[in-house]
Protein chains: 4
Amino acid sequence: MLNRVILIGRLTRDPELRYTPAGVAVTQFTLAVDRPFSNNQGQREADFIPVVTWRQLAETCANYLRKGRLAAVEGRIQVRSYDNNEGRRVYVTEVIADNVRFLESANSGNRDEGMGMGAGSGGDGGGYRGGYGGGRSQQQDPFQDDGKPIDISDDDLPF
Amino acid sequence: MLNRVILIGRLTRDPELRYTPAGVAVTQFTLAVDRPFSNNQGQREADFIPVVTWRQLAETCANYLRKGRLAAVEGRIQVRSYDNNEGRRVYVTEVIADNVRFLESANSGNRDEGMGMGAGSGGDGGGYRGGYGGGRSQQQDPFQDDGKPIDISDDDLPF
Amino acid sequence: MLNRVILIGRLTRDPELRYTPAGVAVTQFTLAVDRPFSNNQGQREADFIPVVTWRQLAETCANYLRKGRLAAVEGRIQVRSYDNNEGRRVYVTEVIADNVRFLESANSGNRDEGMGMGAGSGGDGGGYRGGYGGGRSQQQDPFQDDGKPIDISDDDLPF
Amino acid sequence: MLNRVILIGRLTRDPELRYTPAGVAVTQFTLAVDRPFSNNQGQREADFIPVVTWRQLAETCANYLRKGRLAAVEGRIQVRSYDNNEGRRVYVTEVIADNVRFLESANSGNRDEGMGMGAGSGGDGGGYRGGYGGGRSQQQDPFQDDGKPIDISDDDLPF
DNA sequence: TTTT
DNA sequence: TTTT
């Protein structure tokens, strides 16, 4: 009936872009999300949560996300299952994202990976504004929502 | 960058369906949402939160929601402003919903409003499945999401 | 950094209440949450999502939730793992709930399971208000939040 | 019954820390949250959403947030009203936050506002970990949740 | 199998 | 292993 997830965390690896037989883009990555408390040994653990994105958003994620980057993800929990080679049923729980926000650009923070933007030249506040290009394919605005509604002017409001 | 609201509460009145000059359906209603604590006098207060829905979802809400019904709403906070007749700027905060779930049908609970369904005949578990008709217009499935993605078979997964 | 889940669905079975060696109450149940679209065969599938609650909330859930009931759950995704008897690492993903809302009482809807409340005795509007007692243990208000803040009067606001 | 908001946006000004007559800390700030679409003139608008935090979290926000910084906020919508000097009832809608994440430190991004940390001193990568001190009061870990539960070892799980 |  |  309702199934909504919002996560903020860091990618444990570069995202993996694949295509279905029908040619639909899918990318998979895992977010490490720190738990809001410490364990018995006083350490902060993290949950490693698999995220899947489809189509345009998949391409964008593959282009702009990298290992270690901070991202916000909105989506729903999905549980699928398959039988492994030992004949055991395996359950896979993933977050199917419909909105991903890049909270760090390649050049923000300390993770300077040779994008050629000098330290401190950090631009206008960074990453979340995007547009620095250089990905595997070309997009207009990688920071747009996926399939969100179009504007209706407030002035039209009949109230 | 990210703006997500989820509410569960009861309608304070019947929803109001209007149309913009351009003919787009909008419906407005207010949800009373009980606060999760009691005030100094030991009473539970509620927040009265205005909700706006557009287009198809607006029609559906107008058809199926009524004063007192329990509903879940998903959307985003929007703040608009206008100048009132005293020349003061007035700010209006509303939740623009993109998903509404009807958690009570006309015949569930005690709010029997003459739908002609006997107490106890409660049907197949109620409200959230809808389809009992009788609204201002005809819909196929009022309990569908608004603009949510279509299925891609898990079997196509390239992982 | 941030990990928030909100679900509305139905219990697939009665909840299971256990106690840790240290005597802490835990209850586990699974929510069936309908997907917001139909699959290739035109059928609506559901995700079956395991939910875990602790302490007071665990007791309350054990007392008031039953198979088939509609509930709203707020919490975070947690992933734990263990090695099974074949020496394979198994990952378990659960929603650790910190807030559960009972959207249907024993006597609302049609699912009369012998709670001893007559069909049609529909009560005062149902379930979410609770207090009809009869559970495995005694609670004051089973519909309170778990560990949420206490009121501070708006009148004290220094703004 | 349920009231949950998650926002990511930028502070429009430095936060304002006040104290109630009873000495409880409150801080107020406004988040600018870009809308997920463009308006009729092709421009991206933003919603300016007032946020209120209390007690320890209020102190932390006052210490670590500044105009222009990116933050994630979790909380609930609250509506209060008062009568203004013209005798008109004014409604104020605010997000009462119970969790705030600082997505940018003083030294990440370009918004160096004289915190005394040199531009380009990029630090340890980042903001969300905090600990660079210099605030109005001293905290242990400003990036902890406010009132979230303490760990119970998975190994105790009776399932 | 994990991020900072 | 699943709910309506």
Side-chain angles (χ1 to χ4, degrees), chain A residues 1-3 7-16 28-35 43-51 65-71 73 79-81 83 88-91 103-104 108-111, chain B residues 101-105 108 122-131 143, chain C residues 1-3 7-16 28-35 43-51 65-71 73 79-81 83 88-91 103-104 108-111 113, chain D residues 101-105 108 122-131 141 143:
Chain A
M1 295 271 308
L2 191 150
N3 181 340
L7 304 173
I8 299 181
R10 290 185 184 277
L11 277 84
T12 61
R13 315 181 39 165
D14 285 358
E16 283 190 60
Q28 212 278 345
F29 55 89
T30 295
L31 273 192
V33 184
D34 292 335
R35 293 190 182 166
Q43 296 149 333
R44 287 288 204 105
E45 292 176 67
D47 290 291
F48 297 96
I49 303 173
V51 177
L65 286 175
R66 286 293 171 274
K67 178 178 174 175
R69 299 275 173 75
L70 192 66
V73 160
V79 182
R80 59 190 171 91
S81 63
D83 297 311
R88 270 184 163 282
R89 182 151 231 104
V90 179
Y91 291 88
L103 300 174
E104 259 179 17
S108 83
N110 65 327
R111 254 168 305 279
Chain B
R101 297 284 142 179
F102 309 147
L103 300 174
E104 261 179 16
S105 68
S108 84
D124 65 349
Y128 79 107
R129 204 47 98 31
F143 303 90
Chain C
M1 296 270 309
L2 191 149
N3 181 339
L7 305 173
I8 300 180
R10 291 185 183 277
L11 278 85
T12 60
R13 315 181 38 165
D14 286 359
E16 284 189 59
Q28 212 277 346
F29 55 88
T30 295
L31 274 192
V33 184
D34 293 334
R35 293 190 181 166
Q43 296 150 334
R44 286 289 204 106
E45 292 176 68
D47 290 292
F48 298 96
I49 303 174
V51 177
L65 286 175
R66 286 292 171 274
K67 178 179 175 175
R69 298 275 172 75
L70 192 66
V73 160
V79 182
R80 58 189 172 91
S81 64
D83 297 310
R88 269 184 166 282
R89 182 148 230 107
V90 178
Y91 291 89
L103 300 173
E104 260 179 16
S108 83
N110 64 328
R111 253 168 307 279
E113 292 152 11
Chain D
R101 298 283 141 179
F102 309 147
L103 300 174
E104 260 180 16
S105 68
S108 84
D124 65 350
Y128 79 107
R129 203 48 98 32
D141 181 351
F143 303 89

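Keep in mind that this is a model prediction, so the values were computed, not measured. Numbers restart at 1 for each chain; the letters A, B, ... are given by sequence-line order, proteins then strands.
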By side chain to side chain donor-acceptor pair (under 3.5 Å) - contacts of C/R88 (at least two apart): A/E86

Round to a whole Å and report the spacing from NZ of A/K67 to C1' of E/dT4. 11 Å

Does E/dT1 have OP1 or OP2 sitting under 4.0 Å from an N or O in the side chain of C/R89? yes

Please pick, from E/dT1, F/dT3, F/dT1, the nucleotide with the shortest atom-to-atom distance to any side-chain atom of C/Y91. E/dT1

When the distance from CZ of A/R13 to P of E/dT4 is rounded to whole Å, what number comes out? 13 Å

Nearest whole Å is fine: how far is F/dT3 C1' from C/E104 CD? 11 Å

Length of the CG-P vector between C/D83 and E/dT1, whole Å: 7 Å

Which nucleotide wins on minimum distance to the side chain of A/T30, given the candidates E/dT2, F/dT3, E/dT3? E/dT2

Atom pair distance, as rounded to whole Å: CG in C/D14 and P in F/dT3: 12 Å

For atom CD of C/Q28 and atom C1' of F/dT1, their distance in whole Å: 12 Å

Round to a whole Å and report the spacing from CG of C/L70 to C1' of F/dT3. 10 Å

Look at A/D83 together with A/R89 and state whether they make a salt bridge at an N to O cut-off of under 4.0 Å. yes

Can you check whether A/M1's main-chain N or O pairs, donor with acceptor, with B/R101's side chain at less than 3.5 Å? yes

Whole angstroms only, please: what is the CZ-P distance between C/R35 and F/dT3? 16 Å

Which pair of non-hydrogen atoms, one from C/A71 and one from C/L65, has the smallest distance, and what is that distance? CB-CD2, 4.0 Å

